[in-house]
Every structure is written in structure tokens, then in C-alpha cells.
Protein chains: 2
Amino acid sequence: MRPDMTPAAAAERSDAARNRERLLLAARDLIEEGGVAALTMDRLAERAGVGKGTVFRRFGSRAGLMLTLLDDSEAAFQARFLFGPPPLGPGAPPLDRLLAFGAERIAYVVEYGDLVLAAGHAARGRFEVPAVALWNRHVEMLLREAGFRSPEPWLMAGSLTATLDPERLLHLIRQHGVTTERLAVSWRDLVTRVVMAT
Amino acid sequence: MRPDMTPAAAAERSDAARNRERLLLAARDLIEEGGVAALTMDRLAERAGVGKGTVFRRFGSRAGLMLTLLDDSEAAFQARFLFGPPPLGPGAPPLDRLLAFGAERIAYVVEYGDLVLAAGHAARGRFEVPAVALWNRHVEMLLREAGFRSPEPWLMAGSLTATLDPERLLHLIRQHGVTTERLAVSWRDLVTRVVMAT
DNA sequence: AATACAACCGGACCGTGGTCCGTTTAGTCT
DNA sequence: AGACTAAACGGACCACGGTCCGGTTGTATT
């Protein structure tokens, strides 16, 4: 192993790194050209000038690729509600943070639409994704801070985040013309009722 | 058109009816033998002694087939919360009916597990299913009867039913060992808070 | 520079859900 | 009975996601 590399990265061969770059680039190209639906694993491999096996070696599955594509924005989102400025980040009253969390999540889903949808179509189900667990813990924490008392705050947190399911949100927006504002208001209504009733 | 047939049925040819019987029979056989995963459209066609095109003509898609398989039990469920005895059916206080609805839905999802999951994997999304719209309206009505006042009772009803998403419920049960009792309690907690806070 | 090996690569291959269209057949009309 | 037609049929065909494994290549070691 090279002495100058971080132990966390744990050795990625140069050709592997180059191919990953190529693949991500080609993936964004394809999506830009024809939407998420146009991103086929075969086409991606061909476009990147790489074998199909390589694609699956890198990303595991189509959903995994989508997750990787969302990696940056997802990390940014997490950073904002964990360490960012109020009312989303720490410093604001917990109820305000909860409301901001919902609103931001809705905006995120709207922005990345089909990409989020495709990322959710994982074989092992959309609840195994680490990010989902993180949101749950975050909401659970905020509930506790807001004075929420109940035998199962974790289940309640899960119920609340289930409300933000991307497929549901996008269905309401695209098929029923519901605006993001109304969705945010609905989230506010739900959360305030749940918290207030303590 | 034959004069003695009901206009609603609108003419189904005898060979079509016979093949549908065969297909449903074969489908249940395959599931009994190897679970829902063993039910492949190819295998189903072969087992039923029918062409593949016929299968898709009948059911449209795999999800459509699953929906048909669930048809009887789903209709029974609907009949129970629409016309059945209290507390699920009419006659009981609306809050009790809401709690019963959640508990019964959880039990239903547990009972039919993978079948419900497969039925949800429709191409057009799991929110287009007519039954889902019916549940929403039902919950909305009960909310109103329970004195729930809000600008958007329909969205609130959708949020509540989103909580009962089969994939979520089964994930909690199978991956986290959550009992159906705890799920029912969680539903009760959520719904009572939402209704009480009026 | 030569060696050795783990990691990586490619693309043939598979099973799946879904479509297409030429052929067959049930029901009706004369 | 015979002809006619709309409906139903069947299975070859397609695109896709995903797997497998023999060959290749980067990297560390000597």
C-alpha cells in the first residue's frame, strides 16, 4: 500500500478511479439528454466505454448508482440539518426545526424527483438505506426535545417520515396538482398536532 | 349479445372465462408451492397451459395479477369497514372506528405479506390503485366526524394512511421484530394525537 | 527488471416482465 | 348450416437488470 494514502480510503486502483469518473460523467450526460428513464445500465456501460460488469462492480445495482448520484446533495442536506444555521440546524426550538426539516425534505424531493424515485427502487427495499435511518433518529431526537412523551418515540418518528415518502409526494404534486406549499402546511399541521398533544 | 347476460359483465367469451379460472388456480398453486417469488409470468402461463400473451391480456401486469388475487379479501375488508359491525363499521364513535381501521389494516398486511408487496410494485405507482383512494376518503370522513378541523383534511388523511404503507410495516416486523401490537399502539398514539388536538 | 498476486475488467449469458401481430375461435346473423 | 367478425389466443421477440468467470492490469515486493 502506498504510504501517503488515507487508511480510510483503503486503496482504490487508479484504473478503477478513472472508470468511476467516466461512469458518473456518462450517467449525468444520459440523464441530461433523456431523463432518468434513459439511463440504462447497458447504455451507461457503452457510453462510458466500459464493460457492464464494471458498472455493477462499482455501484451494485441501478438503485445504488442513483444513490451515488445523489450522494453530494444528500450529504449537503444532512450537513444542513445537523450543523447548519437555524431554523433547520441546531439553535432553533425543536418544533421549528421539525417544520423546517419537512419543508426542506419536500423541496429536496421535488428538486431531484425521478432520481430519488429510482434510488428507492432497491431490491432490498427503500428502508435499508442508511440515510433513512438517520432521518428517523433526527426526527426522534427533535420530538424528544420538543417534550414529546410516548412509549415509542422511534415508531412515531418513523410514522412522521413515512409521510414524506417521495412516491407519495410526487404523486400528489404531479397527479393532483398539489403545491409544495400545501404539502409543507400539511406537514406543519401534522407535526404540531403530534407535538402539542403532549 | 345474449339477452340473458347482465349488462355490467359486458360479454366475456367462454374460453376467456375458462382461461381466467385456470390462471387463477395455477397462480395460487405456484404461490402455495414456492411463495410469491415463485410466481413468474412465464411459469404461470406454462402451468395454466396458456400462452403468455393471454396472461397479460387478462391481468395487464404482474401487479395486476396480484391485485386480482387479493380481490376477494380486499372486497371483504372494504365491506367490513363500510357496512360491518362496530367498532370497524358504522355505529361506533369515529375515533374508535379510526383505531379499528388501522389495527385491521395492519393485520391484513401481515396476513397477505408478500402478495400485498408485489401488488404495490405497479408500473404506474402504488397510489393509483382504487382501493387506496377509497381508504383515504374513508379516513377523511372519519376525521371529519371526529370533529377534525383543518384546511386540508384530505391531505391529512393521506398522511395517516401513508403511515400504514405495507413495505414499512413489513420492514418493521421482519427486520426489527416489531409486533403487530406495537404497530397498532403506535397508530393509536398518532391518530388520537391528531384528532385530540382539534 | 522480474515476479507475484490481488483487484479489476469485459462481455457473454440468464431470467424476468412486457409487447406484438399473425392465427384461431366463439358467438351471431342470415 | 354457412358465413362473418370481433374477441381471444399463443409464443416469438425485446429490453432490461443482474450474474459469472476467464483474461488482464496495476501495484507492491524482491
B:Ser150 vs A:Arg193, test: side chain to side chain donor-acceptor pair (under 3.5 Å). Steps then yes/no.
CA-CA 11 Å; B:Ser150 146; A:Arg193 282 170 187 269; 5.0 Å; no

Please, which pairs that meet side-chain hydrogen bond (donor to acceptor under 3.5 Å, both in side chains) have at least one residue in residues 77-88 of chain A, sequence neighbours excluded?
A:Glu74-A:Gln78, A:Arg80-A:Glu104

N/O donor-acceptor pairs under 3.5 Å from side chains in residues 39-53 of chain B, not counting sequence neighbours:
residue	atom	partner	partner atom	Å
B:Asp42	OD1	B:Lys52	NZ	3.1
B:Arg43	NE	B:Ala38	O	3.1
B:Arg43	NH2	B:Ala38	O	3.4
B:Arg47	NH1	B:Glu33	OE2	3.2
B:Arg47	NH2	B:Glu33	OE1	3.0
B:Arg47	NH2	B:Glu33	OE2	3.4

Under the side-chain hydrogen bond (donor to acceptor under 3.5 Å, both in side chains) test, residues paired with B:Asp15 that sit two or more places apart:
B:Arg13

OP1 or OP2 of D:dC9 versus the side-chain N and O atoms of B:Asn19: is any pair under 4.0 Å?
yes

Looking at A:Arg28 and A:Glu32, is any side-chain nitrogen of the basic one under 4.0 Å from a carboxylate oxygen of the acidic one?
no

In residues 31-53 of chain B, which residues come under 4.0 Å of DNA chain D by heavy atom?
B:Val50, B:Gly51, B:Lys52, B:Gly53

Figure out the CZ/C1' separation between B:Arg18 and C:dG27, and round it to whole Å.
15 Å

Would one find a side-chain N or O of B:Thr54 under 4.0 angstrom from OP1 or OP2 of D:dA8?
no

Rounded distance (Å) that lies between atom C1' of D:dG17 and atom NE2 of B:His121:
14 Å

So which pairs with a foot in residues 20-63 of chain A pass ring-ring contact (aromatic ring centres under 6.0 Å, His included), sequence neighbours left out?
none

For A:Arg62 and D:dT19, what is the distance between atoms CZ and P respectively, to the nearest whole Å?
15 Å

Could you check how far CZ of A:Arg22 sits from P of C:dC8, rounded to whole Å?
16 Å

Identify every side-chain donor-acceptor pair in residues 109-116 of chain B under 3.5 Å, counting partners at least two apart or on other chains, and give the distances.
residue	atom	partner	partner atom	Å
B:Asp114	OD1	B:Arg174	NH2	2.8

Going by the ring-ring contact (aromatic ring centres under 6.0 Å, His included) test, which pairs reach into residues 177-198 of chain A, not counting sequence neighbours?
none

Nearest to the side chain of B:Phe56, heavy atoms from C-beta on, is which of D:dG10, C:dG18, D:dT19?
C:dG18

List the atom pairs, donor and acceptor, that lie under 3.5 Å between side-chain atoms in residues 119-130 of chain B and the rest of the protein, sequence neighbours left out.
residue	atom	partner	partner atom	Å
B:Arg126	NE	B:Asp165	OD1	3.3
B:Arg126	NH1	A:Glu167	OE1	2.5
B:Arg126	NH1	A:Glu167	OE2	3.4
B:Arg126	NH2	A:Asp165	OD2	2.9

Readout for nucleotides 2-7 of chain D: B = base within 4.0 Å of protein heavy atom, S = sugar-phosphate only, - = neither; 5' to 3' it is ----BB

For B:Met66 and C:dG18, give me the distance from atom CE to atom C1', rounded to whole Å.
15 Å

How would you label the contact of B:Arg58 with the nucleic acid (heavy atoms, under 4.0 Å): base, sugar-phosphate, or nothing?
sugar-phosphate

